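I have placed the structure first, in the form of structure tokens, so that the comments after it can refer back to it.
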Amino acid sequence: MTATPAITIPADLLPGDGRFGCGPSKVRPEAVAALAAEAPTYLGTSHRQSTVKFMVSRLRNAVQELFALPDGYEVILGNGGTTAFWDAATFGLVEQRSQHLTFGEFSSKFAECTRRAPFLEDPSVISSDPGTAPTAVAEEGIDLYALTHNETSTGVATPIVRPEGAAPGSLVAVDATSAAGGLRFDAAQTDVYYFAPQKCLASDGGLWIAAVSPAALERIERLASGDRWIPASLDLKIALENSLKDQTYNTPALATVFLAVHQMEWINQNGGLGFSAGRSARNAEIMYKWAEESSYATPFVTDPELRSNVVATIDLDESVDATVVSAVLRANGVVDTDSYRKLGRNQLRVALFPAIDSEDVEALTACIDHVVGELTAS
Ligand SMILES: *Cc1c(COP(=O)(O)O)cnc(C)c1O
């Protein structure tokens, strides 16, 4: 690799906070300060005692409030992040055959889990090219439809609706890892809305959280009581039983729980999902407007309806090397604007999560313009 050109971005152009990564993503300094203040009585204390259990109950309540969950929905959680949840769902939510909409790296991964499971039929997979999104189609024999609210690898966000004509009793499971808290949706259209808190929830990784409907709770109970072998750490019934007691099956990262609570309570106190989704929408407006007006940048997602408000993917003209732009930004403290590695495009990818301030997105566009100006002048 060639050395990063020595370009210094003038200080008055730089954002106040230079974190634009899609996960782990910017953690609000207020949350870190609050954690430091509570650390002496919280960090390093037993997760089976009331202090931590109370924090877990705040997390579960905050999710209920944030998503205005319908009656009967429960919030459950466990360790291992979304990737572990895919395995847990493969064991404990898919009865025989699932359908997956795949349109990027993350949506493909859950499909791969169910395809490899020896106790399940091969899944039905409906794919579309990166930058677009497929539509779910009701199919005989499908007991779980696997959707992705926001495909983080490509910057495509999809509307969340139950497939028309899906059999009663079939479940809709939505990977909302990069969407939860940043995109509006109707929880009644979902049976399992699952995510990890290192993206819109501005916390750290390692935890999975799921909002689960009565139909999905029934499925979890039934599959766990059947004759399928389920490893305990991936057993959703065990996760459910512990969650109802405001605890996890094994030790969680206490800081992660705290930071997620802090972010969700901040959102809820400021008006809920409308507030946080509004912040992301404003960030998206700035980013896409800049790209559309730029002579060298273009939004990768051509259909404006599918363009994500939480993750922007911006193609650069071939005369400008995006990896060099990202590297120069990084050297100036503006980090993680690199495109998703496997997508292989000349692209910048920028998180627009609710914790990120609009002025900083504005400043980022000015920084990119400055860097590209310097690169093309030399
Ligand atoms: C980040 C991400 C994941 C992976 O989450 P982990 O917690 O790292 O397992 C899965 N799905 C989507 C849509 C993501 O953005």
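Just so you know, these numbers come straight off a predicted model, no measurement behind them. Indexing begins at 1, ligand by ligand and atom by atom, following the structure's order.
- The pair Asp17-Arg19 meets the salt-bridge criterion, with a side-chain N (NZ, NE, NH1 or NH2) lying under 4.0 Å from an Asp/Glu carboxylate O.
- Under 4.0 Å from any atom of ligand 1, one finds heavy atoms of residues Gly81, Thr82, Thr83, Trp86, Phe106, Asn150, Thr152, Asp175, Thr177, Ser178, Ala196, Gln198, Lys199.
- Residue Phe54 places its CZ atom among 12 or fewer non-hydrogen atoms of other residues, nucleotides or ligands, all under 6.0 Å distant.
- Evaluation of the side chain to side chain donor-acceptor pair (under 3.5 Å) rule for Ser280 yields no partner, not counting sequence neighbours.
- Following chains of ILVMFWY side-chain contacts shorter than 4.5 Å, one cannot reach Leu183 starting from Val172, and the two form parts of different hydrophobic clusters.
- A tilted orientation is assigned to the rings of Tyr42 and Phe258, their planes being inclined by 30° to 60°.
- Looking only at atom types and distance, the side chain of His100 has no donor-acceptor partner in the side chain of Ser107 under 3.5 Å away.
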